[in-house]
Amino acid sequence: MNAGNSMIMTAGELRELRADIEDFHSAYCAMLDEGHLDQWPDHFTEDAIYRVTSRENFDAGLPAGLVYAEGRTMLRDRAYAIGNTQMFAPRTVLHYVANVRVLGAEGGCVVARANYLLLQTLIEGPTTLHQAGCYHDVFVRRAGRLLLRERQCVYDTALVANDLVYPV
Amino acid sequence: MNAGNSMIMTAGELRELRADIEDFHSAYCAMLDEGHLDQWPDHFTEDAIYRVTSRENFDAGLPAGLVYAEGRTMLRDRAYAIGNTQMFAPRTVLHYVANVRVLGAEGGCVVARANYLLLQTLIEGPTTLHQAGCYHDVFVRRAGRLLLRERQCVYDTALVANDLVYPV
Amino acid sequence: MNAGNSMIMTAGELRELRADIEDFHSAYCAMLDEGHLDQWPDHFTEDAIYRVTSRENFDAGLPAGLVYAEGRTMLRDRAYAIGNTQMFAPRTVLHYVANVRVLGAEGGCVVARANYLLLQTLIEGPTTLHQAGCYHDVFVRRAGRLLLRERQCVYDTALVANDLVYPV
């Protein structure tokens, strides 16, 4: 998808689109921050791709990443598995999204980026910067509502695989 | 207050409302970051409630919290007390607000949330993540200007009571 | 420049202006985050002033700061020098901008502020809060596009001079 050239929108339409994407991020993050993991897959299309990749691998063109899910069913399985282990239980998370950019829109798809910050607090423990990175998103609109057809979370932070179970 | 159902607004009005709330946050945070504590109570209604509560207590339905102020007079006393001790003097603060969400609007009240990040720098010391949490706000409009009728700061970070003197 | 009084704009125009400034920040930060240092000077006017100053010095009215560049040529030299040493190479950066405020607009200039957060990740190292501060900006519009005529980065964090080579 071309980033920009094919975008035939007025400045006003572009502002509205960015505002809609910001609303999506806020709702998505609140869902995760409040622990409603079962609603996580609802933010994706049926055939969505979800990836978490280090910047190093991303820059090297390695697509796979540490987390890879294809299709809403895989996301549902993942959400269910996380929700039914106690692995993530003794922590709370807070997401912060900034610098939302619309890169292009074509054929009903919107390519956008945003920087995210994920803080984690262990119960009676310190709050730490858990993951910092950039969302590489492709949105589509279904019944007026934005959904992720693709989300690649490209993180700068050096994570251990264990910590990646929780959605970004 | 119902979150959503009673909100009869167009998409455009909702975008404008969110923008107004973002402007409120930016002005409020700048006031605190620049040390104008005497102006802090002016951002609240006369009968406002201000609370700072841990997520743990909030989730358990315990309303009180570590900081509780009812009415602008209490906020003024508090601001005066802080401004006249040296407790907070040798530090600077920076607030960051993200993920602003309008949850509902009814009878002139607007229920909204936002994630906040409060950094603190001790003079010649390190900058640390002082408090991270979620604003649970109720706004009203007075003479065209948004004011807080209720602000509950629900924080994830494990704070000691001492650190809570400074407004969030 | 007067901050506010001389601003003759409707609420809608002000919202659009803030949205444009937010878009500027997002593009500027992405450029730095993605390492396109050669494009850095293009975000400034020919006669722009760029400064990085500690809050302590700023509050004391000391204008100079640790970094000072006057004119796009100096910025180009600086970008070239950084791009051709390996000083910054083994790190990645992420910028987060929040709390964008338009303080005034007069004679084609827009005075604005925003809080920024700069994270740095050393290769195979930890992600740290590298610099936190407030942009004090003066924008002008050239051919429909916002450019910085002045950017003063007032930081709270205690930095060593070495770390300041990379643009904020």
Is the backbone of His95(C) close enough, under 3.5 Å, to the side chain of Asn99(A) for a donor and an acceptor to pair up by distance?
yes
Counting only non-hydrogen atoms closer than 4.5 Å, does Ala19(C) touch chain A with its backbone (N, CA, C, O), its side chain (CB onward), both, or neither?
both
Tell me whether the NZ or CZ atom of Arg151(C) lies within the 45° cone about the ring axis of Tyr28(C) and under 6.0 Å from its centre.
yes
Looking only at Val97(A), Asp59(A), Leu129(A), the option with the highest number of non-hydrogen pairs under 4.5 Å against chain C is Leu129(A)
Answer key: most heavy-atom pairs under 4.5 Å with chain C among Gly133(A), Ala11(A), Ala114(A), Gly12(A) is Gly133(A)
Determine whether Leu148(A) and Phe24(A) make a side-chain contact, defined as any pair of heavy atoms from C-beta on separated by less than 4.5 Å.
yes
Let's test your reading of the structure: which of Glu22(C), Glu16(C), His25(C) forms the most heavy-atom pairs below 4.5 Å with chain A?
Glu16(C)
Which region of Val100(A), side chain (C-beta onward) or backbone (N, CA, C, O), has a non-hydrogen atom less than 4.5 Å from a non-hydrogen atom of chain C, or is it both or neither?
backbone
Sequence neighbours excluded, the answer for side-chain hydrogen bond (donor to acceptor under 3.5 Å, both in side chains) partners of His43(C) is none
For Tyr135(C) and Tyr116(C), take the angle between the two ring planes, folded into 0 to 90°, and tell me which bin it lands in: parallel under 30, tilted 30 to 60, perpendicular over 60.
parallel
